[in-house]
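Notes to accompany the following structure.
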Amino acid sequence: MDRIDFQQLKSGEVNLGTSIMAVQFSNGVVIGADSRTTTGSYIANRVTDKLTHVHDRVYCCRSGSAADTQAIADIVHYYLQMATQTTGERPSVHTAASVFQKLCYENKDGLSAGIIVAGWDKEVGPSVYNIPLGGGLFRQPWAIGGSGSTYVYGYCDATYQDGWGRDQTVEFVKNTLALAMARDGSSGGTIRMCVITEEGVERLFIPGNELPQFWSGSEVLAAPKTKVVLDPQVAPMVVE
Amino acid sequence: MASVFSPPGFDFSNTLRNNFFAEKGVPLPKATSTGTTIVGCLFADGIVLGADTRATEGPIVADKNCEKIHYITDNIRCCGAGTAADTEFTTALISSNMELHSLSTGRKPRVVTAMTMLKQMLFRYQGHIGAALVLGGVDATGPHLFTIHPHGSTDKLPYVTMGSGSLAAMAVFESSWKPNMSREDALELVKTAIKAGIFNDLGSGSNVDACVITASHTEMLRNIEMPNERVQKERQYGFRRGTTAWKSEEIRSLVVSEEVTILGAGDAMDTT
């Protein structure tokens, strides 16, 4: 290949447009993603779960081709289960990330997958690994990915601080994703987050109508005159 | 002597012939595509699947009443959109493998098993098998509904639509689906969604098929609604005997003599 191809999705392939991120804090990691999957301009799934379990304390965030990343995550999940049984102990986050890297690098011509691996292990504690399109492995204190990430590099660089606790990190992830979803057409829907610590994994969910609001231009454009009241009342859907 | 062994994978030896034809001005015939509107929806007791019944070959309707809801196991069914041959053979293969798997594990088959088999096969063929499926069923772990795209990605949702009429059907679902509906409400919703596809999408048409799957029992409702029955023709277009003049008439039976010898055990299986 003479040039690096960016986001080469075949026609008809389902695309995880996406905004994903993972941030390390004192005793764990917070990972988050939007919930939109698109096929061209149609939203195939508006409540996708892009935070995929590969092991008890290791999750991955998926961006790029839905088929490719689901297949890769399934293979890694299988591999880590086997490793747990053969070694008798939990695999480290670095091991999981290395398996992802091997698959992404060795099949780079046929895959379109940008993955962020994050989790907790007892050797190192919390860690975040970014595996972009070419299949390189980069350990970072915080990582963002997907098409929506390009709009929030500035916000993240300006806001991130070392030494945060759980709640501040969750706020950071939530605000970053909300900003990315507001500007990127391929990201949207709801925010899903996981907080992974030694104790366990806590799932958080923010529905689309409760996203943090930023500048909406209401001072410049006229504020809405009528408030929309849904009739009958819409009951929230049970989400798995 | 020609070998009867054929190597695994696709056989591309006809491409030479196809290229020759294309040069001579004879284009490849379009594979039968099911155009299609297929849907699935979760309700209080299980799953309702729905499909239209039109199969197209380019702009022509090849089959006005085809069956798009395929059997996987007794408690699992799969609607197929995309290339008709691909959906037919893929679902038949997985159905066969599911039965073998169930016998081998000694357990009732599960929807996730069928989903995993389908997605791994479609991913292996990198989208060349044009099968877009709505897989639904009720197993020991409860009711499940999945959508599977030709490249092998899957989504697990409470209501799904696929095919060229999916946008029309999804509009119906998005405005009217509620959790924990009754069987009657769910069936009405599915029928409305399929009809939206039938009347607003050119690739879908004819009748509505449905299938209701619950923990105890699966019911196939073939042609549950037929909103496109042909009206009675206004006139009789037959030709009266004598329209064409004839001079003489001779009727011959083509069977001169017939002798039937029953071999073996007749219709029963021959175990000799």
CZ (B/Phe89) with more than 12 external heavy atoms under 6.0 Å: no
Spacing of B/His149 atom NE2 and A/Thr37 atom OG1 [to the nearest 0.5 Å]: 8.0 Å
Crowding at CZ, B/Phe199 (>12 non-hydrogen neighbours, <6.0 Å): yes
Contact leader toward chain A among B/Thr116, B/Leu157, B/Thr147, where contacts are heavy-atom pairs under 4.5 Å: B/Leu157
Side-chain donor-acceptor pairs of residues 73-83 of chain A under 3.5 Å, sequence neighbours excluded:
residue : atom : partner  : partner atom : Å
A/Asp74 : OD2  : B/Lys119 : NZ           : 3.4

Separation of B/Met170 CE from A/Ile43 CD1 (nearest 0.5 Å): 10.5 Å
Closest heavy-atom pair and its distance - B/Gly152, A/Ala67: C-CB, 3.9 Å
Residues which pass salt bridge (Lys or Arg N to Asp or Glu O under 4.0 Å) with B/Glu99, listed by chain and number, not counting sequence neighbours: none
B/His151 vs A/Gln70, side chain to side chain contact (heavy atoms under 4.5 Å, CB included): CA-CA, chis, key distance, verdict: CA-CA 11 Å; B/His151 285 267; A/Gln70 282 181 12; over 6 Å; no
Other residues, nucleotides, ligands: >12 heavy atoms within 6.0 Å of B/Leu202 CG: no
